[in-house]
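Inspection log for the structure reproduced underneath, given as structure tokens.
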Amino acid sequence: MKIVVTGGAGFIGSTYVSNLLGDDPSVALPEAQGRPEVVVLDAFTYAGDRSNLAAVLDDPRLTVVEGDVCDEDVVDAALADADAVVHFAAESHVDRSIAAGAEFVRTNLLGTQTLLEAAFRARVGRFVHVSTDEVYGSIPSGSWTETHVLEPNSPYAASKAGSDLLARAYGVTHGLDVRITRCSNNYGPHQFPEKVIPLFVTTLLDGGSVPLYGDGGNVRDWLHVDDHCRGIQLVLTLGRRGEIYNIGGGTELTNRELTERLLAACGADWSRVRHVPDRPGHDRRYSVDPTKIMTELGYAPLVPFDEGLAATVAWYRDNRPWWEQMRSRAAALLPA
């Protein structure tokens, strides 16, 4: 089975590829049909790095292609003879989308359309479109099911909602076997240090202070990246065409509660926290209902949050050269 993984050198994509090809039974994914052959298609912009794939770079089943998902020729070549596409590639940082949204529209919408069109032409058997709970907007109580209306509130979330609708349209209009996943907030090793957990951990390890938006009451459901990858693989191997599956972690925390845990893990106290104004359009609470994937496909999160967070903090503590290099890339993105 030949699987094309877009964005496969990024945080979640590289974890998926490494777990799919690797030998560690603790993170093994449900088997694809036959021994998988994997093609990683990645533009290697600021967040993607070959070092994220170090554990499997020498695997003969892996091919790495550097290219843009908006480049029709590159995409056509990568998808030739593919059995499946797992589409991670996206611009994903909300704060950057607020400051400059054009690249989010280009990559997340045009890139997805380019891939869908190529998959249709190549008669690819399955297309898993990896999305986010942010497309639903904000929910004060309860949890979203997959049929909830899309009400995105940031340019990032709007671009992902648009890509979800494109994926659905290619399924309805062209008969492409499209399956959509919407996950809650991911965490784990190799996450680029612009996101809250690696940002806070690396800053605290360096003796700096961390920013807490508003009153710190915004709520997120936390999902370990290994559990997310298990859910995606279940959707690829056992999911139904045309269906949407929420993938949740089952640990809801306010940003203040998360900050408390990160401070404790890094041996710091509240004197290292800066209260800053809330960001524009900041969603108050996310919560997905994962009942569908649990009952239909047998999904369940396996990584307890406290254990996963401790292991994540330890990884960043032990891999300073990696995140220092990545943090330099993030700094280069800031306006002069």
Side-chain angles (χ1 to χ4, degrees), residues 11-12 15 90 92-98 130-146 148 150-158 160-161 181-189 191-204 210-229 231-232 245-266 273 275-291 293 299 301 303-313 316:
F11 164 48
I12 305 174
T15 303
S92 65
H93 190 45
V94 174
D95 286 359
R96 285 194 300 107
S97 81
I98 294 170
V130 181
S131 190
T132 171
D133 58 4
E134 297 190 40
V135 300
Y136 294 120
S138 186
I139 187 168
S141 61
S143 299
W144 298 298
T145 64
E146 290 83 354
H148 194 280
L150 303 187
E151 297 179 312
N153 291 320
S154 71
Y156 159 63
K160 287 299 289 185
T181 63
R182 293 175 180 153
C183 68
S184 55
N185 279 42
N186 277 220
Y187 73 99
Q191 188 172 26
F192 194 80
E194 65 185 357
K195 299 298 179 73
V196 63
I197 287 180
L199 172 66
F200 277 34
V201 170
T202 57
T203 301
L204 291 169
V210 295
L212 183 63
Y213 281 132
D215 64 0
N218 303 77
V219 177
R220 300 292 182 263
D221 172 39
W222 290 97
L223 170 67
H224 193 277
V225 64
D226 288 337
D227 284 330
H228 184 199
C229 291
I232 290 168
Y245 296 90
N246 289 336
I247 305 176
T251 300
E252 287 191 22
L253 297 171
T254 66
N255 286 349
R256 185 177 182 87
E257 290 170 332
L258 176 66
T259 300
E260 288 174 347
R261 297 189 187 205
L262 293 172
L263 290 170
C266 295
V273 177
H275 291 272
V276 298
D278 211 353
R279 74 181 177 207
H282 196 179
D283 292 326
R284 188 66 172 176
R285 178 175 176 265
Y286 298 151
S287 180
V288 293
D289 181 350
T291 299
I293 193 173
Y299 166 79
V303 182
F305 181 75
D306 287 342
E307 292 181 15
L309 188 66
T312 298
V313 172
Y316 282 95

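In this structure, Ser154 OG and Lys160 NZ are separated by 11.5 Å, a value rounded to the nearest 0.5 Å. From Phe11, atom CZ reaches atom CG of Asn186 across 5.0 Å, with rounding to the nearest 0.5 Å. With rounding to the nearest 0.5 Å, the separation of CD1 in Ile197 from CG in Asn185 is 8.0 Å. Taken to the nearest 0.5 Å, the OH atom of Tyr156 stands 12.5 Å off from the CG atom of Asp95.
Side-chain atoms of Tyr299 come within 3.5 Å of backbone atoms of Gly248 as a donor-acceptor pair (strictly under, hydrogens ignored). Proximity of a side-chain donor or acceptor of Asp227 to a complementary backbone N or O of Val303 within less than 3.5 Å is detected. No donor-acceptor pair under 3.5 Å is formed between the side chain of Asp221 and the backbone N or O of Ser287. Using modelled atom types, one side-chain atom of Ser138 and one backbone atom of Arg285 make a donor-acceptor pair closer than 3.5 Å. Checked by atom type and distance alone, the side chain of Asn246 pairs as donor or acceptor with a backbone atom of Asp289 at under 3.5 Å. Asp283 places no side-chain N or O within donor-acceptor distance of the main-chain N or O of Glu134, the cut-off being under 3.5 Å.
The shortest distance between side-chain heavy atoms of Val201 and Leu262 falls below 4.5 Å.
Below 30°, between 30° and 60°, or above 60°: for His224 and Tyr187 the angle between ring planes is above 60°, a perpendicular geometry. The aromatic rings of Trp222 and Phe305 are tilted relative to each other, their planes meeting at an angle between 30° and 60°.
Between Asp306 and Arg261 there is a salt bridge, with a side-chain nitrogen of the basic residue lying less than 4.0 Å from a carboxylate oxygen of the acidic one.
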